[in-house]
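First comes the structure, then the notes that go with it.
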There are 2 protein chains.
Amino acid sequence: MSIEARRDVFQAIADPTRRQIINLIAHKSMNLNAIADNFQISRPAISQHIKILTECGMVVVRQEGRERFCEAKLDGLSEVSNWVDQYKQFWNEKLDSLGSYLVKIQANNPLNEESNTNQSNNQ
Amino acid sequence: MSIEARRDVFQAIADPTRRQIINLIAHKSMNLNAIADNFQISRPAISQHIKILTECGMVVVRQEGRERFCEAKLDGLSEVSNWVDQYKQFWNEKLDSLGSYLVKIQANNPLNEESNTNQSNNQ
DNA sequence: AATATATGTAAGCATTTACTTACGCAAATT
DNA sequence: AATTTGCGTAAGTAAATGCTTACATATATT
C-alpha cells in the first residue's frame, strides 16, 4: 500500500479479496469487523482494502457510532462493463442467452420484424 | 515479473498497457514490433506483456517466419463480464438502454406479459 | 471512571510488478 | 557468408502490493 498509487476500477477488482468484499456488501452494508469475519487475513488488511475501494469510489463508508458501515457503490463497474462489452462478439455464451431470449419474445410477436435486425447487429 | 505469479483475467486487464494491446489486436493480428510501435515503452516490455496475456489465454501467438503474430482470444473476458454483470442493477445507463429497447418491443407486442417480469428481474 | 469495542494508521517486510539494458539466436536479406 | 531484422530472455531496479504487528483514538458498556 505504501505511499500513493494509481487507483482505478480495473485495478481495484483485480484483487480477489476485494472482489469478495464487493460480493459481500453488494446487497447489504456491513461494518468492518463483520466483513473481516469472512476472511482469514487480519482486520487491518481488510481496512486497507476498504480504503482502496473507497478511493476509487466503489465503497462509501457511513459512520454510525463507533461502527463504520461499508456500502457498495457499484456504478464504477459500468466502466469495466463498457470496456469488456466491446468484445462481446468474441465469445458466445452471453450472446446465445440474449439471442434465445429475443427469439422467445419473437415467437410471441410475429408482427415485429425489426427486432431481428436488432438481434444481429447488437453489440 | 520475476519468478511465477498468479495469472488471471482480472489481473491481466488491470494494466492499462495490456488493455491497449488488447484494443490494438482485437480485430487484427499484429506482430510484436508492430504492437510495440504504438507505445513508448521498450519492445521487451511489450514482449513481457504479451507473455502475460498468453499465459492467461487471452493472446495466441502464431509464428510466421521470424515474425510472431499475436492474435487476441477474448473468450476469457466473459469471466469478467459475468462477474460484473451480477451488479448491473447498481448502475443505470446500461439498464436504461436495455429497458427502452424492451419497452419498444413491448409496444409492438401487447399480448406478451411475461417480458415485463423479464425486464425487471433481468440480471 | 474503567474497560471493552470498533476502528484507523504507521512501520516493516516479502513479494510482485513494470520497466530497463544487454545479450543471444533464428530467419530473412544482401 | 555477412548483415540485418524480429524476437525471447536474463539480470537489475524502483516502485507498488498485500500483508503483518503495534499502537492510537473515539465510542460504547459496565
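In this text, all values refer to a predicted model and were calculated from it rather than measured experimentally. The figures that follow rest on heavy atoms only: side chains count, while hydrogens, waters and symmetry mates do not. Order of the sequence lines fixes the chain letters, A, B, ..., with proteins taken first and strands second; residue numbering starts at 1 for each chain.
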Nearest-angstrom distance from the residue atom [atom1] of [X] to [atom2] of [N]:
X        : N       : atom1 : atom2 : result
Phe10(A) : dT17(D) : CZ    : P     : 16 Å
Ile21(A) : dG18(D) : CD1   : P     : 11 Å
Phe69(A) : dG8(C)  : CZ    : P     : 12 Å
Arg62(B) : dG6(D)  : CZ    : C1'   : 15 Å
Asp15(A) : dT16(C) : CG    : C1'   : 12 Å
Ile50(B) : dC19(C) : CD1   : C1'   : 16 Å

* Sequence neighbours excluded, which residues qualify as side chain to side chain contact (heavy atoms under 4.5 Å, CB included) partners of Lys73(B)? -> Val60(B), Asp75(B)
* Asked: Got a sec, which residues hit side chain to side chain contact (heavy atoms under 4.5 Å, CB included) with Cys70(A), two or more places apart in sequence or on another chain?
  -> Ile25(A), Ile35(A), Ile50(A), Val59(A), Val61(A)
* To do: Confirm from the modelled atom types if Gln48(B) and dT20(C) form a donor-acceptor pair under 3.5 Å, side chain to base only.
  => yes
* Asked: What residues in residues 34-43 of chain A put a non-hydrogen atom under 4.0 Å from any atom of DNA chain D?
  -> Ile41(A), Ser42(A)
* **Among dC19(D), dT20(C), dC7(D), the nucleotide that comes nearest once only the side chain of Leu32(B) is considered** => dC7(D)
* If you check the Gln11(B) side chain, which of dC19(D), dA18(C), dT17(C) turns out closest? -> dT17(C)
* ring pair (Phe, Tyr, Trp, His ring centres under 6.0 Å) contacts touching residues 22-48 of chain B (sequence neighbours left out) -> Phe90(A)-His27(B)
* Asked: Is Asn38(B) reaching over with its side chain to a backbone N or O of Ala34(B), donor-acceptor style, under 3.5 angstrom?
  -> yes
* To do: Return no unless some side-chain N or O of Asn33(A) is found under 4.0 Å from OP1 or OP2 of dA6(C).
  => yes
* Asked: Does dT17(C) have OP1 or OP2 sitting under 4.0 Å from an N or O in the side chain of Arg7(B)?
  -> yes
* Relative to the 5' end of DNA chain C, which residue comes earlier, Asn31(A) or Pro44(B), by the nucleotide with the nearest heavy atom? -> Asn31(A)
* Asked: If you pin Lys51(B) and Thr17(A) to their nearest nucleotides in DNA chain D, which one's is more 5'?
  -> Lys51(B)
* To do: Could you give me the CA-CA distance, side-chain angles and deciding distance for Ile13(A) and Arg18(A), then say whether side-chain contact (heavy atoms from CB on, under 4.5 Å) is met?
  => CA-CA 6 Å; Ile13(A) 67 171; Arg18(A) 285 195 288 270; over 6 Å; no
* To do: Scan residues 58-71 of chain B for pairs that pass side-chain hydrogen bond (donor to acceptor under 3.5 Å, both in side chains), counting only residues two or more places apart or in two chains.
  => Asn31(B)-Glu67(B), Arg62(B)-Glu64(B), Gln63(B)-Arg68(B)
Find every protein N or O atom lying less than 3.5 Å from an N or O atom of nucleotides 26-29 of chain D, and list the pairs.
from	atom 1	to	atom 2	distance (Å)
dT27(D)	O3'	Arg66(A)	N	3.4
dT27(D)	O2	Arg66(A)	NH1	3.4

